Amino acid sequence: MILLGTNNKVLHVFRTCILIFVPFLVTSQTDTTVFQEVIIKGRHLKIDQHTTLNESQIKTLAPNDLGTLLQYINGVTIKNYGGIGGMKTLSHRGLGGEHTQLIIDGLPVSNPQNGQTNLANIQLNNVEEVGLSHQTTNQLIPVSALIKGSSLQLKTFDQQFSRKKFALKSSITVGSFGQKEAFVGIKKSNDNAFISFNGGSRTYEGDYPYKLPFGNQNQEVNRRNNELEDYHFNIGSGIKWRTHLTSHQLKFSGKRNVIQQELPGAVIFYNNLAQETLETENTSAGLNYSLINTKIAFKAFGQYSHRFLHYHDPTYLNSDGFLDNQYTTNSLEGGFHFRYKWKDFIFHLGNDFGYDALKSSRNLGEPERQTNTAMMKLKYNTKYFNIEASGFSQTFIDQNSIQAHRNNYHKFHPQFSFFTSDSLFKGVQFFVWYKPSSRAPSFNELYFSQVGNKELVPEESSQINLGTRYIKTYRKLEIQIQANLFKNRVDNKIIALPTQNLFVWSIQNIGKVDIQGGDIHINAKYKLNRNWRLNMQAGISYQEALDISDSQSPTYRNQIAYTPSITGNAMASLFYKKTGLHFTTLYIGERYSLNENTIGNLLEPYFIMDLSANYAFEFSKKQKLTLHTGVKNLGDTSYNFIKHFVMPGRNYFIKLSYEFN
Amino acid sequence: MNLIKYLFIFLLIFSSCKKDEIEPAVLSDNFSNGILVLSEGLFQHNNSTLTWINNETGEITYDIFLQKNERPIGDTGNDMMFYGGKIYIAVTGASTVEVLDKNTLKSIQQIQFDYNNQSQEPRSIASADGKVFVSSFDGYVSVIDTTSLQITKRIKVGRNPEGVCISNQSLFVANSGGLDFQNVDTTVFEIDLNTLEVIDTFVVGDNPGSIISDNFNNVYVVKRGDYASNSSELVRINTITKEVTNLGHAATTMALRDNQLYISYFNFNTGTSAVSIFDCFSQSIINSNFINNQDITTLYGVIPYKTDELICLDAMSFTNTGYLRFFNQTGTLTNSLKVGLNPNSIIHYE
């Protein structure tokens, strides 16, 4: 008791934490007692979202799609297969895209067939906020997303209640290589309800020139078979009402997206004859209900989605003379998330259930999957600390009429977090969290013709993060710095390998990856006077993601394929009255096309700069017309993230937007 | 703004810190006493290469095709053959046949295989009577005149032909049908070298691949089956009696020296590599396990070297740089040389 006295309060908190945690640590080993993961909202510093891009930042970047945008979020690597329409998938801190869950307006978006969502198919005209969160948050997001390595949350115009009776957003964009886009969104609201509609289309010819390194020289070739046509529309509606001190909301969302595109594939030297096409149709309808009062918050959702994929290769050299594959996936998902507040404790409980079924024109049977995620979480807030413990239970049940299957998979994952609050150190926050998770093999991995492997078990990841955040305001300057150190691990990594020969591949659970790294992100806002403002942000991230599967293999402790050790980005926006000038840069470091880190597999680093300017004409308080024009890849850099999937050189765009509020 | 400036400088420094490129060695224009190795690379990686091993100095020159021709071979060089002072390489992904001068390794001609604006995907090469025969996945064998280096005839064969070989006055073509998985081809076609027409068909089993002839009027073909219960086995065609016999011997590829057939077999399920020797005169296996399985990771082929040595091609799980592994007459590993990704053919320069 010598310590009693000065640090009495801190000690008390510390003891309390230990007392709270001990039963969790004990029970987590044994059985179904599910406790929870950790997120924390500091008393003063809000730590919910790790990184957020708001509507004006999104507009500044004028991204073609969600994938392009996410390159500017620290720690995210986008595997980029082309310009507009080129597939883009995400890898976060060395974990594959399957470990990140995309959520749009509280509804999860998944792709059980491929395991990861193609971020090139998500456009941002109606998006008001994009956030990436590693840690669980206080928000009542679906628990199937909380268990994932990270979650990506989008908030759209179509699903927000508004005080404005009528709102309209519209834009027309014209860009290089035949880019044409049009978008219109309207929302009609009153005090208790809204109804919204938005729709858009885009076309792209994609015949951009690229330089092909040819021995010691470069050859300039035009990309071909790269056209795209895309239509999408969404409808939304919502009502809200009150009973005593409780408010309720019910929202409906319906979406449809049809994309027809040519697939240019990798550039193949001397053979520029690709003719493959892909048709994608995504349709979904979902309901979201939420209830909130001073003690209780509750959210429930239900969703049906239908995905259709049609691949066609008219030059395939089989006896039909073409390859035509069609896949239909139907999914049902539903879940709830409940939060109860009692004194300094917050208790969460939630469960998500999903059912996916795939039908195809191939001989894959009719695979089905049931997924269940259950969660309990307890959080304790004190003046100096927030501490949180949670337990997740993940279950995957796979069935397919044509084959016997592995046993059902069940795993319990405890997650923890600890955050200091602003009261402990002024303007500074420290946090540490631990997050394990499993991801199920996709239908493709399980059943892909002769290469599938029905014995596959889910891939398991774990992340430990140590971070700090510093916020300081000096008069007109506001600075925010965030830094993290992380250590991740992937076990039973699912990888594809050639087996008998180069035509017969197999998908196996043999990988182990050891990842460590760190990132630092600085955000500064400077308001000089009424007319001039400057916003800047810069981030750099380092990651060592080493293959530790087999100490006898030549790739032992080599950096895994397509994982740059260094990535960096910077953005600066200068505003003068209604004019904005924006400069953004992106640096992607060296990476390898295969796990063996040889010169032959090395891909050069690249550095991309975009420059744009906008001017807003405000006719009235309600009406605004904005002209935004710019040049992307200013330096005309010839680059590719994925070997031989070439990216466009310097290109231009002009965008005219009209908004009525 | 300073912050941004420094960040740029920092990034520029990073981006300019390229690894030093290996300086190309000064190479003679008269290659001799060495081994030329074709590595096919990986599908869609455009990384097929030629490696030169100088037997005198022991020096290895990687990607010598690029150095000599200032352009790459392209995607998936699948087969290489020496005939009449020239080297022919069938490049499947690029859909070309490269013709090189054997002494200088300079390309004499790159023959496009894109009949009717469609890639034909050439696979294997055989030669006879001043002609080179190239099978291609579109179901044809193309006849190349070795003087004009033009395709003079396209002969329709079965589905997705793979291996080709000459026996007496006939060309034998193994039709795999491998792109119709679950409904593969099962035949070997015989083409008369004089009329260049198909004169006979042999049913040998599912998915025929590698093919070779001996000096006793036999043709041996590997029927690869379905890589599962229907296993990869050696089948003999007697070209005189037209009799087809499944020898029941596990095989992936074959090569011939002194009437002995060297057979490589890689069993993926067990991860084992085996080389066996079949005597064509007595028609019997004289050694069913010539090398130590531990010496090789992924056996991709076997090639007799000099009078009594063997070179085994080690594909190193197909995604890592491959090796040539040299074995002596007792089957002992004597040397290993790192070459390229998935080595599949060699030419020995005396």
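By convention in this document, chain letters (A, B, ...) are assigned in the order of the sequence lines, proteins followed by strands, and residues within each chain are numbered from 1. Side-chain atoms are counted along with the backbone in the values below, which use heavy atoms only and exclude waters and symmetry mates. Since this is a predicted model, take the numbers as computed values, not measurements.
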Interchain contact, [X] with chain A, by part (heavy-atom threshold 4.5 Å):
X         : value
Arg71(B)  : both
Ile73(B)  : backbone
Thr321(B) : both
Asn46(B)  : both
Asp75(B)  : side chain
Gln112(B) : side chain

Region of Ser319(A) that comes under 4.5 Å of a non-hydrogen atom in chain B:
both

Engaged part of Ile268(A) at the chain B interface, taking heavy atoms whose separation is under 4.5 Å
both

So Phe607(A) and Tyr587(A), would you call those rings parallel, tilted or perpendicular, with 30° and 60° as cut-offs?
tilted

Side chains of [Y] and [X]: any donor to acceptor distance under 3.5 Å?
X         : Y         : result
Asn320(B) : Ser317(B) : no
Glu40(B)  : Tyr300(B) : yes
Asn78(B)  : Thr76(B)  : no
Arg123(B) : Thr92(B)  : yes

Considering only heavy atoms and a distance below 4.5 Å, find which of Leu323(A), Val267(A), Leu594(A) pairs most often with chain B.
Leu594(A)

If you count heavy-atom pairs within less than 4.5 Å of chain B, which of Gln275(A), His644(A), Gln552(A), Gln219(A) leads?
His644(A)

Is a side-chain donor or acceptor of Gln559(A) paired with a backbone partner of Gln543(A) at a separation under 3.5 angstrom?
yes

Lys493(A) side chain to Gln508(A) backbone, donor-acceptor under 3.5 Å
no

Show your reasoning for whether side chain to side chain contact (heavy atoms under 4.5 Å, CB included) applies to Asp79(B) and Tyr88(B).
CA-CA 8 Å; Asp79(B) 194 14; Tyr88(B) 297 82; over 6 Å; no

Among the options Ser119(B), Gly74(B), Gly177(B), pick out the one with the most heavy-atom pairs lying under 4.5 Å from chain A.
Ser119(B)

